[in-house]
J.: 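Pasting a structure here, questions to come.
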Amino acid sequence: MPFEKVLTQQVDFPALERAILELWQRNGTFEKLRQKNRNGPRWSFLDGPITANNPMGVHHAWGRTYKDAFQRYHAMNGRHLRYQNGFDCQGLWVEVEVERELKLRSKRDIENLVPGDTFQSIDRFVHYCKERVDKYARVQTEQSIRLGYWMDWDREEDWRKPPDQRRSYFTMSEENNYTIWAFLKKCHQRGLIYRGYDAMPWCPRCSVGLSQMEMAEGYQLVAHRAVFVRLPLRDRPGENLLVWTTTPWTLTSNVAAAVNPGLTYLKVRHKEEIYYLAKGAFTAQRLEEQWKKKEWVAGVPKLSTLEQHFKSKGGYEIVGSVRGADMIGWSYEGPFDELPEPSKSARTVHRVIAWKDVGETEGTGIVHIAPGCGKEDFQLGKEEGLPPVAPLDEYGVFLPGFGELAGRSALDHTTTDWILDNLQQKGLLLAVEKYPHSYPHCWRCKTELLFRLVEEWFIDMSWRDEIKRVVEQVTFLPESINGKARELDWLTNMGDWMISKKRFWGLALPIWVDEQTGDFEVIGSRAELKERAVEGWDKFEGHTPHRPWIDLVKIRNPKTGNRMSRIPDVGNPWLDAGIVPFSTMYYNRDRAEWAKWFPADFITESFPGQFRNWFYAILAMSTMMENRPPMKVLLGHGLVRDQWDRPMHKSAGNAIPFEGAADEGYTLTDPKGKTERYPPMGADVIRWMFARHNPAHNLDFGPAPAEELRAKFTLKLWNVYAFFCNYARLDGFDPSVLPLPMAERPDLDRWILSDLQLLVRTAREAFESYNLMAFCLEAERFVDDKLSNWYVRRSRRRFWKSEQSRDKQAAYQTLYTMLLTLAKLFAPIMPFLTETMYQNLKTTDMPESIHLCAYPTVDETLIDAELSEEMNCLLSLVSLGLAARNNVKIKVRQPLAELKVQASAESKEYAAVERFGDQLLAELNVKVVSLHDPEWGPLLMPEVKPNPKTLGPKFGARMKDIASALAAADAEELAMKVRAGDCVELTCGGEVILLEPGDLIVSMKAPEGWVGMVDGETQIALDTRLTEALSLEGTARDVVRHVQEQRKEASLEMEDRIALYLGTDSEKLRQAITTHRDYIAAETLTIEWSSQPLTGPGVHRATVKVDGQPLTIELRRSMAK
RNA sequence: GCGGGUAUAGCUCAGUUGGCUAGAGCGCAGCUCUGAUAAAGCUGAGGUCCUUGGUUCGAAUCCAAGUACCCGCACCA
């Protein structure tokens, strides 16, 4: 038997999916696909590496759905693919998790993992990092397989191999690391690698400097205590500069004060002192915009103006003014000159300097400058020859030389307390306030950043224009987010690339330094290092190029003969991910092969952040390596949020784990705090949900949208499939019989086959233009509206007929084609459901898996535009008819005599009724459909009534007069004007009044006994007069419905024949039953009528009400033939 | 501050190159169907397509300005 029976109740889709996974596994389907396409034209996809640091979440499934869908589509078109997944392995994110696992608090703890042995400690720590990456790479592999993501996944034996020999690529592989060396060497050869000494953003917890792109990730709105501090002028007794800062700890390292030479500064007398501050700053409404927009930190009061501060502290008087330029060179007393360290250098400086960037919308217009604690400060200090004071160590703790502050953390509140107290005691503190501002935090551990003087390594990005020219050649999708412009914007604004990290687990930067001279060299490959090594190679040999082993290798400075050591820094992880267009495509091993796959046809990732991260890194590195774009098309997509549009957070209880969504079910806490458990949705629904979404927008993911999708799409498709299989099975339909020619198929069949071709066209266009949404939305409409709700509904009776006819054959063949084609169309997006369907639909001469089939192509000969138009017209006629019935509350089950459709001979309505009259009869349950030529006069007459809503207020009591005047007026003329949007003049009580179109309600009225409906140009009228015969027929249909209901109650199979007894006291019921005895019998498969109540076993009895009258139904399965 | 985007029903969103009487789903209201049946369907209410100008025979769509929101960049003492 070709078709298995298909259940429609409580279908466990996740379980079906798991069965398909086993089927693929058992048959080696994926390998067969690769084998089939191995000589096909290439399609090159490049996977952006997923961070192998935690299990995958549902949000990862978005990109992975795209990746898999496009790969499967191209595979179905015979393309040869690499199927290489990528894992991102190195970097601080892994270190932070390993630290957490090992309960380590700081770099010091890591270096002391093996007490007293830094080398061993680092070795062990790096080992743990590698282990963590392997662990989660395996987890993510399993999860991805469950998602149905077909990649060349690593198997058990592969995990025992080193990363370089596995199927997926790992950024920790030697190949990847050494290819970055080659990149850095190229940079160095162009003189672009340099060592920078600068005040850098620094995370005191991780003890690491942050690059510009990392810093951008971590801005958060927080409130700090900001202070107004006076700095007494040395040669002007009783006079002070007033400065303001949000980071009081930096005052310890104050060296200078900057003014804008072009601004006017006020001399303000307050109590016994004179304060200098910028005129504009005095009254500036600080952060007013933010306050209004509520971009504020809860609990922080509105900021006072400087003027208000002075007023509240006892008043002020403006006693003069001075230009900023005239203040340059003034000397003042520093706020912490009594401390040993500041007293050494800063104390002798403390002068007013000029800085054109000083503004007066915030602060005092005089900026406290601490070159050791701020980026601009440092720059300014360099220009002015100011000595920087560096107060903090790598943990953000004050160094010795800062008195009581030594050993205290700059971030600690009590440290700020101490500083404020100290300033207060010295009488320097004018005011303290809470100040909300967006401040950088460590994007990994959320610690507030400090600025600290450090030495880091950079790539000079002055060649940005070269990258821009490469970017110009890439297609960025979706168009609406303007990715190319964003990327170019970043390239314009970005600074030099800080590539060093003072950490342990990562790319070993191949920079060797001669400590005595400061000379450095960049090594470009393992071979080069081996060649140059003068020490330590033997110990390093056999290890991956990671710390601590690589640090043992020393080279000689050819100029001085000095020994050169590798800098201890590791690399920025975006170098790791950025090199993959080379390292993973055989660039070093087989350049010819690389050229076949480079550039990638396609990449896709979530776009927030990536324009300065991965997209940037691959574009920049590819420009340096080959001056070519690494990909042709980039598709970005948004973020996944919960179904209430909130960000997903584990702590908020609204994050959905992948396993939960796929198989296990999950709990979810709604915005009101209620937690509920939900069943799994399965991979197909997850995938379709992502595929159908607009990639430019964030996606609200959760049980509600999943359920909606299941109901309106998955289940409908499934029900149609089940309907087909279950009847085809009973009927013994043979799909291999020669198909009937199109000419012999009814219009309904030719219509759906025609529209199917249009869907195939949409599908192909969508996949080729990377716009899955367009296809999915169209597919949903096709399945729901066209296939399920119209084609199958209208065709059902064709399948039920007991005799074999050509019409029945046509119906089976058409629906079979439909299901098979749709399954193939949807296969790239819903690989499981479509495979399940295919397995039950395929014949022996078809490929063993749907994923080994060819993607459908459009058969232009089947497209019939005229037919589609007429079918659409028919659908709107049906809608109108149903609306008309609804209007007069006559249910569809009640037959009516006649439907009139207004249609001229050349109208589409005419053609539709001609062609599909029988469908109209059946669907609207009328006896006759007739055409009404408008030339015979209007079918419906306009009727114009006053609109009391608008006229009431205007005319009050005169409404009645207006109504009667309207009734007397020419309705047709009025209606025409109203439709045209014109005003209407109405003579009412001898007076002409003007009515606006909205004041009148125009409806279309049918003749007595009829009900009319209008939709645009289309008009219909339905005869609502019930004759005795019609009424009896309606009753008979009610009886049938109840009998069917009872058959179901009695759990009969749908092909079972029955014996039936119907008992009633109602004359009308009796008459209806008698008159329509044959019809009832045919519908309910009654082959034995009983005039007496049934006896014996297996009798099902029920009493129902028909037309308000009791009817006894008794039935049992009939043994007669 | 600079740059970009968006604005369509109560909510979430579709709407091709200008060609509508502007749509869907959810929600709401009222119904209906019934061997695909623990599924489904229909009808209805609900719109200033953000505002104002312009281009055009015709604008949700194109242009300009404004408003609001979002994003990116720069973020300052």
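Letters A, B, ... mirror the listed sequences (proteins, then strands); counts begin at 1.
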J.: Scan every strand shown for a Watson-Crick or G-U wobble partner of B/G41, both distances under 3.5 Å, and answer none if you come up empty.
T.: B/C31
J.: Find the distance A/Arg793:CZ to B/C42:P and express it as a whole number of Å.
T.: 7 Å
J.: Ignoring the backbone of A/Trp490, work out which of B/A77, B/A14, B/A74 is nearest its side chain.
T.: B/A74
J.: When the C1' atoms of B/U12 and B/U55 are compared, how many Å lie between them, rounded to an integer?
T.: 34 Å
J.: So A/Tyr727, base contact, sugar-phosphate only, or nothing? Heavy-atom distance under 4.0 Å.
T.: sugar-phosphate
J.: In whole Å, what separates the C1' atom of B/G27 from that of B/A45?
T.: 13 Å
J.: Which nucleotide in the list B/A77, B/U34, B/A39 gets nearest to the side chain of A/Trp355?
T.: B/A77
J.: Would you measure the distance from the P atom in B/A74 across to the matching atom in B/G3 and give it in whole Å?
T.: 15 Å
J.: How are the rings of A/Tyr816 and A/Phe3 set relative to one another: parallel (under 30°), tilted (30 to 60°) or perpendicular (over 60°)?
T.: perpendicular
J.: Kindly say whether A/Met494 contributes a backbone atom to a donor-acceptor pair with the side chain of A/Arg464 at under 3.5 angstrom?
T.: yes
J.: Select from A/His693 and A/Arg1041 the residue whose nearest nucleotide in RNA chain B is closer to the 5' end of that strand.
T.: A/His693
J.: Between A/Glu923 and A/Arg793 (salt bridge meaning N to carboxylate O under 4.0 Å), is one present in this structure?
T.: yes
J.: For the base of B/A36, is there a side-chain donor-acceptor partner from A/Ser788 under 3.5 Å away?
T.: yes
J.: When you compare B/C57 with B/G47, how far apart are their C1' atoms, in angstrom units rounded to a whole number?
T.: 26 Å
J.: Provide, to the nearest angstrom, the distance between the NE2 atom belonging to A/His368 and the P atom belonging to B/C76.
T.: 13 Å
J.: In whole angstrom, what separates A/Asp700's CG from B/G27's C1'?
T.: 16 Å
J.: Determine the contact category for A/Asn925: base if any of its heavy atoms lies under 4.0 Å from a base atom, sugar-phosphate if only primed atoms, P, OP1 or OP2 are that close, otherwise nothing.
T.: nothing
J.: Determine which nucleotide pairs with B/C57, using a 3.5 Å limit on both distances of a Watson-Crick or G-U wobble pair.
T.: B/G19
J.: Across the strands shown, which category fits A/Thr245 at heavy-atom distances under 4.0 angstrom: base, sugar-phosphate, nothing?
T.: sugar-phosphate
J.: Is there a Watson-Crick or G-U wobble partner for B/C2 with both distances under 3.5 Å, and if so, which one is it?
T.: B/G72
J.: How close do A/Pro335 and A/Leu423 get, counting heavy atoms only, and between which atoms?
T.: CB-CD2, 4.2 Å
J.: Work out how far the P atom of B/U56 is from that of B/U16, and round it to whole angstrom.
T.: 24 Å
J.: Side-chain N or O of A/Thr246 versus OP1/OP2 of B/A77: is the shortest distance under 4.0 Å?
T.: yes
J.: Grab the CE-C1' distance between A/Met494 and B/G72 for me, whole Å please.
T.: 15 Å
J.: Does A/Asn789 place a side-chain N or O at less than 4.0 Å from the phosphate oxygens OP1/OP2 of B/C42?
T.: yes
J.: Heavy atoms only, 4.0 Å cut-off, all strands: where does A/Arg1037 land among base, sugar-phosphate and nothing?
T.: sugar-phosphate
J.: Remember a base hit wins even if backbone is also touched, and classify A/Trp790 as base, sugar-phosphate or nothing at under 4.0 Å, heavy atoms.
T.: nothing
J.: Base, sugar-phosphate, or nothing for A/Ala696, non-hydrogen atoms under 4.0 angstrom?
T.: nothing
J.: Taking the P atom in each of B/U51 and B/A22, what is the distance between them to the nearest angstrom?
T.: 16 Å
J.: Salt-bridge test for A/Glu1083 and A/Arg797: reply yes if a basic N is under 4.0 Å from a carboxylate O, no otherwise.
T.: yes
J.: Expressed as a whole number of Å, how far does the C1' atom of B/C70 sit from that of B/U17?
T.: 28 Å
J.: B/G35, B/A36, B/A77: which one has an atom nearest the side-chain heavy atoms of A/Arg1047?
T.: B/G35
J.: Under 4.0 Å, counting only non-hydrogen atoms across every strand here, what does A/Arg781 touch: a base, just sugar-phosphate, or nothing?
T.: nothing
J.: What contact category does A/Gly374 fall into here, base, sugar-phosphate, or nothing, at under 4.0 angstrom with non-hydrogen atoms?
T.: nothing
J.: Measure the acute angle between the ring planes of A/Tyr439 and A/His437, then classify it against the limits of 30° and 60° as parallel, tilted or perpendicular.
T.: tilted
J.: Please work out which of the three classes, parallel, tilted or perpendicular, describes the rings of A/Phe724 and A/Tyr812, given edges at 30° and 60°.
T.: perpendicular
J.: Who does B/A64 pair with, Watson-Crick or G-U, both distances under 3.5 Å?
T.: B/U52
J.: May I have the distance from A/Glu376 (atom CD) to B/A74 (atom C1'), rounded to whole angstrom?
T.: 11 Å
J.: Heavy atoms only, 4.0 Å cut-off, all strands: where does A/Phe611 land among base, sugar-phosphate and nothing?
T.: nothing
J.: Does the gap between the ring centers of A/His350 and A/Tyr332 come in under 6.0 Å?
T.: yes
J.: Closest-nucleotide mapping onto RNA chain B: is A/Ile366 or A/Ala711 further toward the 5' terminus? I mean the 5' end.
T.: A/Ala711
J.: Please determine if a side-chain N or O atom of A/Tyr721 lies less than 4.0 Å away from the OP1 or OP2 oxygen of B/A39.
T.: no
J.: Measure from NE2 on A/His437 to C1' on B/C76 and round the result to the nearest Å.
T.: 10 Å
J.: Using purine N1 to pyrimidine N3 plus N6-O4 or O6-N4 for Watson-Crick, or N1-O2 and O6-N3 for G-U wobble, each under 3.5 Å, what pairs with B/G47?
T.: none
J.: Whole angstrom is fine here: how far is it from CZ in A/Arg225 over to P in B/A77?
T.: 17 Å
J.: Categorize A/Thr361 for me: base, sugar-phosphate, or nothing, with a 4.0 angstrom heavy-atom threshold over every strand shown.
T.: base
J.: Please find out if less than 6.0 Å separates the ring center of A/Phe799 from that of A/Phe723.
T.: yes
J.: To the nearest Å, give me how far apart CZ (A/Phe615) and P (B/G72) are.
T.: 14 Å
J.: When you compare the protein's N or O atoms with those of nucleotides 3-11 of chain B, which come within less than 3.5 Å of each other, and at what distance?
T.:
unit_1, atom_1, unit_2, atom_2, d
B/G4, O3', A/Asn482, ND2, 3.3

J.: Using atom P of each nucleotide, how far apart are B/A14 and B/U8 to the nearest Å?
T.: 11 Å
J.: Of the candidate nucleotides B/C26, B/A36, B/G15, which contains the atom at the shortest distance from the side chain of A/Glu708?
T.: B/C26
J.: Base, sugar-phosphate or nothing for A/Val358? Non-hydrogen atoms, less than 4.0 Å.
T.: base
J.: With a 4.0 Å cut-off on heavy atoms, is A/Asn694 in touch with a base, just the backbone sugar-phosphate, or nothing at all?
T.: sugar-phosphate
J.: Would you tell me whether A/Glu780 and A/Trp688 have side-chain atoms, one donor and one acceptor, within less than 3.5 Å of each other?
T.: yes
J.: For A/Trp490 and A/Phe615, I'd like to know if the aromatic rings sit close, meaning centre-to-centre distance below 6.0 Å.
T.: no
